[in-house]
Structure formats: structure tokens, C-alpha cells
Peer 1: 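Pasting a structure here, questions to come.
Note on naming: letters A, B, ... go to the chains in the order of the sequence lines (proteins, then strands), and numbering restarts at 1 for each one.
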Number of protein chains: 2
Amino acid sequence: MAESRDKTPAPDSGSSIPRAVVSRLSLYLRELQHLVRSGQETTSSNQLGPLLGFTDAQVRKDLAYFGQFGYPGIGYRCQELIQAIRGILGTDREWPVALMGIGNLGRALLRYKGFEQQGFRITAAFDIDSEKTGTTIEGVVVYDAAEMEEVVRRYGIQLGVIAVPAEAAQGTADSMVHAGLTGIMNFAPVTISLPDHVQQVGIDLAIELEQLSFAVVNRHDKR
Amino acid sequence: MAESRDKTPAPDSGSSIPRAVVSRLSLYLRELQHLVRSGQETTSSNQLGPLLGFTDAQVRKDLAYFGQFGYPGIGYRCQELIQAIRGILGTDREWPVALMGIGNLGRALLRYKGFEQQGFRITAAFDIDSEKTGTTIEGVVVYDAAEMEEVVRRYGIQLGVIAVPAEAAQGTADSMVHAGLTGIMNFAPVTISLPDHVQQVGIDLAIELEQLSFAVVNRHDKR
DNA sequence: ACATGTGAAAAAATTCACAGCA
DNA sequence: TGCTGTGAATTTTTTCACATGT
């Protein structure tokens with residue numbers, strides 16, 4: 001909001017962006033928001049990088065994929081960079097999200113407060129258990145999975161979260177694709193296959209603990 | 001178990017293992033377990049890789065960091081490779097885990113069934129809310145956070161999970177380090193700093209959705 | 001014939017280091 | 001002076017391709 005001055009960047013052109021760059025972008029965003037809350041108006045690659053364990057050059061190179069956002073001699077204006085990164089990530093708008101599976105994890109996600117702040121709102125939930133369908137949790141209606149296509153269209157939902165048991169994950173994913181979703185976040189500990197036009201992000205909680213286990217057993221890397 | 005034959009590997013020597021390699025190892029493990037459940041006894045780099053979207057060479061190179069596990073002309077014996085990867089990741093034993101914070105997410109993690117199968121057991125939970133301390137959830141006692149050091153020592157816990165609000169995360173992390181934990185999985189959406197000898201893995205649910213948002217907005221990579 | 005393990009080649013990502021602007 | 005943006009150098013990771021073992 002407010003602000004102007006056109007140091008308009010070249011919004012990328014040909015080559016595709018490395019995934020690692022995008023994931024650092026999210027970290028920059030989180031840290032910038034933190035800096036703003038603590039009252040800072042500007043920052044620099046040399047402050048931001050080290051806060052996250054990266055070098056200053058890395059920060060600048062990452063941002064350079066998307067344009068020019070800094071001011072030589074000054075650094076970056078936090079609010080401005082936040083807006084820019086939001087634009088890049090696509091979170092400068094609100095995304096309605098569909099949640100599949102109202103088990104322990106599903107309910108926790110429904111109540112999680114961290115999504116809205118970043119532009120995501122769980123708008124509809126689905127389950128196949130008739131004990132659950134028709135109820136409302138945190139103001140979100142739980143529909144029968146059979147209604148997915150209709151509800152997804154009604155709310156213009158593009159993103160969905162899989163929080164069903166592993167055995168049901170692929171089938172659920174297929175329904176989601178059929179209903180028209182184009183991005184799927186999968187918490188089930190299985191590989192799911194999707195058409196090329198549907199994007200996915202997988203989070204396997206046990207795998208994350210395995211990574212931690214490895215790091216602990218092999219601690220000597222001193223990073 | 002059983003099995004023998006010493007094609008004993010060189011268990012790595014000098015250089016450190018890329019993180020990406022370790023994370024693929026976990027995926028290989030998950031897929032191998034899936035293959036075994038579907039009755040397969042052996043597999044090959046050329047089957048395993050493509051199942052996960054990698055090349056066969058990548059699979060072989062990754063495994064080669066840790067030793068020789070395959071049989072030319074045959075491939076890999078699933079059970080054997082599973083055991084080997086477990087040994088590498090350190091999940092061939094059981095890890096007691098401490099859980100900090102019994103909010104929505106904490107309770108969901110406590111009830112999550114996917115951990116035990118991979119060698120992790122939440123052994124003790126902690127909170128500061130006196131409404132919660134002293135209760136038992138899923139057979140796990142909720143202690144007051146002040147008892148952390150004593151309980152961690154009693155059970156020989158090394159790994160801990162942070163599921164407290166963002167504002168409390170760094171303080172909780174400090175207590176965990178003080179209590180002697182050496183690996184921390186952090187669900188709070190903030191950067192936490194830890195001494196070098198303490199390992200961490202961070203999971204920020206909103207960030208994962210941001211990654212998905214980016215992928216959907218920029219879908220054209222055709223991977 | 002089939003599939004591993006691995007040097008060598010290629011590609012990609014990171015770091016360096018500096019010209020240029022505030 | 002302070003800090004960005006960026007070519008060039010370096011390091012890391014991935015892919016190739018083939019000798020070797022079954």
C-alpha cells in the first residue's frame with residue numbers, strides 16, 4: 001500500500017527458477033515480516049542473509065532472479081520487499097484452500113492460525129465419514145467428499161491439502177484433480193502421482209524426523 | 001533380519017554428505033517399504049528412481065556415498081537395502097522424543113500414527129498450562145515444562161519437537177538445549193538459533209503452501 | 001543380458017570481487 | 001562510505017557412459 005517509484009525490474013524471462021531459491025524466498029519473507037514487527041524499516045543482504053544462515057551474496061543473487069529491489073548504499077525497504085516477494089510467490093492475494101480428511105491432523109490444520117496471515121484460508125473441508133460430514137469446525141463446513149467438485153467450483157478453489165490415511169491418499173488425489181484443483185499439499189506418507197499440470201508439495205513428518213536423526217547421529221558437519 | 005554375506009562397504013570417509021542426498025534416502029526408504037508391502041523382493045535403481053521422479057544414476061550415486069548395496073545383474077534386495085538405509089539414517093533403533101506444546105498441533109502429533117513405524121516414539125509431552133500438565137494423552141504424560149531437564153534425563157531423550165506459539169519458540173528451544181536435547185524439530189514459524197552442536201529441522205506449514213502457490217502461479221516448468 | 005559402481009563430463013548453484021550508484 | 005547488482009571463478013551436484021561382476 002502506498003509507495004511508488006518505478007525501478008521496474010525485468011520479471012524474469014526464460015530459464016526456470018531453482019526450487020531452492022524459491023524456498024529461500026519464503027524464509028526471507030518470514031524474516032522480513034519479523035523485522036518489520038520489531039520496528040525496522042530497512043535491512044540489507046548482509047543482515048538478512050546471516051540471520052538465516054546464508055551469505056549476503058546469496059540473498060542478492062536470489063532476489064536478482066526476479067528483478068531489482070534494493071537501493072545501493074541503503075539496502076532494502078522491508079515493506080517494499082515484502083510486497084515484492086508476496087507478488088512473486090503469489091501470496092499477495094487470498095487463496096481459498098480445500099482440506100481433505102478430518103482426522104487428527106486435519107482438525108489441527110483447520111485450527112492452525114498461521115495460514116491466514118500468509119494469505120491462505122481453508123474454505124471447505126471434506127471427509128467420507130458421515131459422522132463428520134455436515135458438521136462445522138472453526139466455521140468451516142465439512143462436506144461429503146462426493147460434493148468436492150461442486151464445492152470447489154463454487155468457491156473457486158485451486159489448492160487442496162491431503163490429510164487422509166496413506167491408503168486413501170492416491171484416490172483422494174485423483175478426486176482432487178478431477179474436481180479441478182491445480183496444487184496439492186500432501187501429508188500422507190506415500191508418493192502420489194499427478195498429471196503434469198498439477199503441482200504438489202509433500203510433507204512427511206516421519207521423514208523430517210529421519211533427517212533430524214541422521215543429523216544427530218552424524219553431527220560433525222559444523223554448519 | 002538374518003542375512004549375511006560381507007560386501008562390506010566403506011562407511012564414508014572424509015567429505016560430508018549433501019543434505020539433498022539424505023533427504024532422497026528417506027524417500028528411497030519409504031518407497032522400498034511400499035514395494036515390500038506389495039510383495040516385491042528386489043528392485044533396481046531403474047525402477048526406484050523413476051518411481052520418485054529421479055534418474056537411475058542418481059539413485060546409485062546417492063547410495064554410493066555410503067557403500068555398496070546392490071548386486072550387478074540383480075539390483076537391490078529390498079529388505080536388505082531398507083536395513084542399510086535405516087542404519088545410515090539412525091532409525092534402526094527407537095528414538096524417544098519429547099514434545100513441547102499441547103495445542104492443536106501438539107495433540108495431533110501425539111496421536112499421529114506415522115512416527116512409531118519409523119522408529120520414533122513420543123515419550124513425554126510438556127506444556128506450561130496447568131490445565132494440561134498432569135493429564136495423559138494417548139498414554140503420554142504431559143509434564144510441566146519446568147520438569148523438562150529431569151524427564152529428559154530419566155528417559156534418555158535426545159530429540160524434541162517444538163509445537164508452541166511462535167513467540168515462545170526461542171525460549172522453549174533454549175530450555176530444550178539446556179535440558180540436553182541434541183536435535184530439534186521446529187514447527188513454529190520463526191527462525192530459532194541454537195548452538196552448533198544441536199541439530200535442527202524446521203517445518204513451516206505456511207511456507208510449504210507458499211511454495212505450492214508459487215508453483216501453481218508459475219506452472220510452465222513441465223517436470 | 002542385466003544392472004551395479006564409478007571415473008569423467010556437464011550442468012547448476014554458490015561465492016567472489018568489483019564497478020557503479022546513493 | 002555503504003550496499004546493490006552482476007560477470008567471472010569456484011564449488012557442488014547431476015548426468016553420462018562404460019568397465020566390471022552375476
Peer 1: Less than 4.5 Å apart, any side-chain heavy atom of Tyr28(A) and any of Phe54(A)?
Peer 2: yes
Peer 1: Looking at Tyr76(A), I'd like to know whether one of its side-chain N or O atoms comes within less than 4.0 Å of OP1 or OP2 on dG5(D).
Peer 2: yes
Peer 1: Quick one: Lys61(B) NZ to dG5(C) P, roughly how many Å, whole number?
Peer 2: 12 Å
Peer 1: Taking atom C1' of dA17(C) as reference, at what distance in whole Å does atom CG of Asp56(A) sit?
Peer 2: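 Computing the Asp56(A):CG to dA17(C):C1' distance gives 11 Å.
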Peer 1: For dC18(D), does either OP1 or OP2 sit under 4.0 Å from a side-chain N or O belonging to Arg60(B)?
Peer 2: no
Peer 1: Which nucleotide, dA22(C), dA3(C), dT15(C), lies nearest any side-chain atom of Pro72(B)?
Peer 2: dA3(C)
Peer 1: What is the distance, rounded to the nearest whole Å, between atom CZ of Phe66(A) and atom C1' of dG5(D)?
Peer 2: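 After rounding, the reported distance stands at 15 Å.
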Peer 1: Judged by each residue's nearest nucleotide on DNA chain C, which is more toward the 5′ side, Thr43(B) or Val21(A)?
Peer 2: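 Final value for this comparison: Thr43(B).
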Peer 1: From the list dT6(C), dT4(C), dA13(C), which nucleotide is the closest neighbour of the side chain of Pro18(A)?
Peer 2: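 The listed nucleotide nearest to Pro18(A)'s side chain is dA13(C).
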Peer 1: Any salt bridge (charged side-chain N to carboxylate O under 4.0 Å, His left out) involving residues 115-125 of chain A? Give me the pairs, sequence neighbours left out, ordered by first then second residue.
Peer 2: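 The answer is Glu94(A)-Arg121(A), Glu116(A)-Arg121(A).
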Peer 1: Below 4.0 angstrom from OP1 or OP2 of dT6(D), is there any side-chain N or O of Gln68(A)?
Peer 2: yes
Peer 1: Tell me the interatomic distance from Phe54(B), atom CZ, to dC16(D), atom P, rounded to whole angstroms.
Peer 2: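 From Phe54(B) CZ to dC16(D) P: 16 Å.
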Peer 1: Output the rounded distance in Å from OH (Tyr65(A)) to C1' (dG7(D)).
Peer 2: 14 Å
Peer 1: Look at the side chain of Thr55(A) and decide which nucleotide, out of dT15(C), dC16(D), dT4(C), has an atom nearest to it.
Peer 2: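 Nearest listed nucleotide: dT15(C).
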Peer 1: Under 4.0 Å between a side-chain N/O of Gln58(A) and OP1 or OP2 of dC16(C), yes or no?
Peer 2: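 Indeed not, no polar side-chain atom of Gln58(A) lies that close.
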Peer 1: In whole angstroms, how far is the C1' atom of dC16(C) from the CG atom of Asn46(A)?
Peer 2: 14 Å
Peer 1: What's the OH-P distance between Tyr28(B) and dT4(C), to the nearest Å?
Peer 2: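 In whole Å, dT4(C) P lies 12 Å from Tyr28(B) OH.
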Peer 1: Going by atom types alone, do Arg86(A) and Gln83(A) pair a side-chain donor with an acceptor below 3.5 Å?
Peer 2: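 There is such a pair (donor and acceptor under 3.5 Å, judged by atom type) between the side chains of Arg86(A) and Gln83(A).
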Peer 1: Can you find a side chain N or O atom of Ser45(A) that sits less than 4.0 Å from OP1 or OP2 on dC3(D)?
Peer 2: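 For Ser45(A), the contact criterion (side-chain N or O under 4.0 Å from OP1 or OP2 of dC3(D)) is not met.
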Peer 1: On DNA chain C, nearest-nucleotide positions of Asp62(A) versus Gly73(A): which is more 5'?
Peer 2: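 Upstream on the strand: Asp62(A).
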Peer 1: For residues Ile17(B) and Phe66(B), determine if any side-chain heavy atom of one lies less than 4.5 Å from a side-chain heavy atom of the other.
Peer 2: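 SC-SC contact between Ile17(B) and Phe66(B) confirmed.
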Peer 1: Rounding to an integer number of Å, can you tell me how far Leu63(A) CG sits from dT4(D) P?
Peer 2: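 To the nearest whole Å, that distance equals 10 Å.
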Peer 1: Is a donor from one side chain sitting under 3.5 angstrom from an acceptor on the other, for Thr182(A) and Gln199(A)?
Peer 2: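 No, no side-chain donor-acceptor contact under 3.5 Å.
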